Amino acid sequence: MNNRRADIIEKLERGAGETIAFFKALSPAELSVRVYDEEVQWTGRQVLAHFITVEGSMQRLFKNILAGGPGTPEDFDLERFNRTQPAKLDGLSIDELIDRFTIVRRETGAIVEQMEEADIDRTGRHVFLGNGNLERFVRWAYKHARHHEDDVRNALKMNND
C-alpha cells in the first residue's frame with residue numbers, strides 16, 4: 001500500500017478510536033447538552049449520529065467519484081440532510097451509535113484500501129468542500145469529527161460555567 005493511503009487509513013483508525021473514547025467518556029447528562037442552537041439543534045449524542053450519517057453519505061460520494069461520476073449533485077440540500085438524517089438515529093442507545101460509527105468508519109477505511117494510487121487524485125464535488133480530490137475528501141472525515149468534538153467540548157464547558 002502506498003504511503004498516502006496508509007497515512008489516511010492510520011488517521012481514520014486513530015480518529016475513530018479518539019472519537020469512540022470521547023463519546024464513551026461522556027455521561028448521559030453530558031450527551032444531552034445542546035451543542036448547536038442554529039439551523040440544527042443537536043445534542044452531543046446527535047453529533048455522534050451526524051458522524052454516522054455524514055460518513056455514510058461520503059462513502060456514496062467516494063464511490064461515485066471512483067466510478068467516474070461528478071460527486072455531489074449541485075442541488076443537494078445540505079441543510080435538509082443535516083436537519084433530517086441524524087434524527088433518524090434518535091432511538092438508538094449511545095452504545096448502538098458507537099457500534100454504528102465503528103462500522104461506518106471501518107467501511108471508509110476499506111474503500112481507501114481498495115483505491116489505487118491514481119484514485120486518490122480523482123476529482124469531484126463535495127457539498128461542503130467544493131471541488132477537490134478524493135484524498136482531501138477522505139481526510140476531511142476525521143477532521144470533521146475533530147471539529148464537532150471541539151464544539152461538544154465547548155458546549156460542555158459553557159454548560160458548566
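Treat the numbers as computed from the prediction; the structure is a model and nothing was measured.
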Stepwise side chain to side chain contact (heavy atoms under 4.5 Å, CB included) check, F51 with E149: CA-CA 10 Å; F51 295 168; E149 287 167 26; 3.8 Å; yes
Contacts of type side chain to side chain contact (heavy atoms under 4.5 Å, CB included), residue K88, not counting sequence neighbours: Q85
Pairwise distance CG(N133) to CZ(R139) - rounded to 0.5 angstrom: 9.5 Å
Residues that D77 engages under side chain to side chain contact (heavy atoms under 4.5 Å, CB included), provided they are two or more places apart: E79, R80
Residue pair M115, E135: steps toward the side chain to side chain contact (heavy atoms under 4.5 Å, CB included) verdict: CA-CA 11 Å; M115 289 182 190; E135 180 176 11; over 6 Å; no
Euclidean distance, L156 CG relative to R153 CZ, rounded to 0.5 Å: 9.0 Å
L129 backbone acceptor or donor facing R136 side chain under 3.5 Å: yes
E117 backbone acceptor or donor facing R5 side chain under 3.5 Å: no
Verify same cluster id: I103, M58 (apolar side-chain graph, 4.5 Å): no
Salt-bridge contact K11-D7 (side-chain N to carboxylate O under 4.0 Å): yes
Closest approach of P86 to Q46 (non-hydrogen atoms, all atoms of both residues): CB-O, 4.0 Å
R122 to F137, cation-pi by 6.0 Å centre distance and 45° axis angle: no
Worked check of side chain to side chain contact (heavy atoms under 4.5 Å, CB included) between E113 and I9: CA-CA 8 Å; E113 282 180 5; I9 291 167; 3.2 Å; yes
Heavy-atom closest pair, residues V104 and G56: CG2-N, 3.6 Å
Minimal non-hydrogen separation, L97 against I52, with atom names: O-CD1, 3.3 Å
Contact check, side chains of L26 and V152, non-hydrogen atoms, under 4.5 Å: yes
F62 versus I111, closest heavy-atom pair with distance: CB-CG2, 4.2 Å
Nearest-0.5 Å distance, OG1 of residue T19 to CZ of residue R105: 6.0 Å
Euclidean distance, K63 NZ relative to Q59 CD, rounded to 0.5 Å: 6.0 Å
I98 side, atom CD1; I94 side, atom CD1 - distance, nearest 0.5 Å: 4.5 Å
Validation row: I120, V138 side chains within 4.5 angstrom (heavy atoms): no
Residue pair H126 / T72: nearest heavy atoms and the distance that separates them: CA-OG1, 3.7 Å
Side chains of V127 and P73 in contact at under 4.5 Å (non-hydrogen atoms): no
Under 3.5 Å donor-acceptor, D151 side chain and H148 backbone: no
Side-chain heavy-atom pair W140, V54 within 4.5 angstrom cut-off: yes
Between CD1 on residue I20 and OG1 on residue T102, distance to nearest 0.5 Å: 3.0 Å
Salt bridge flag under 4.0 Å for residues R4 and D121: yes
Contact summary for R125 and I65, nearest pair of heavy atoms: N-CD1, 4.5 Å
F101 backbone acceptor or donor facing E55 side chain under 3.5 Å: no
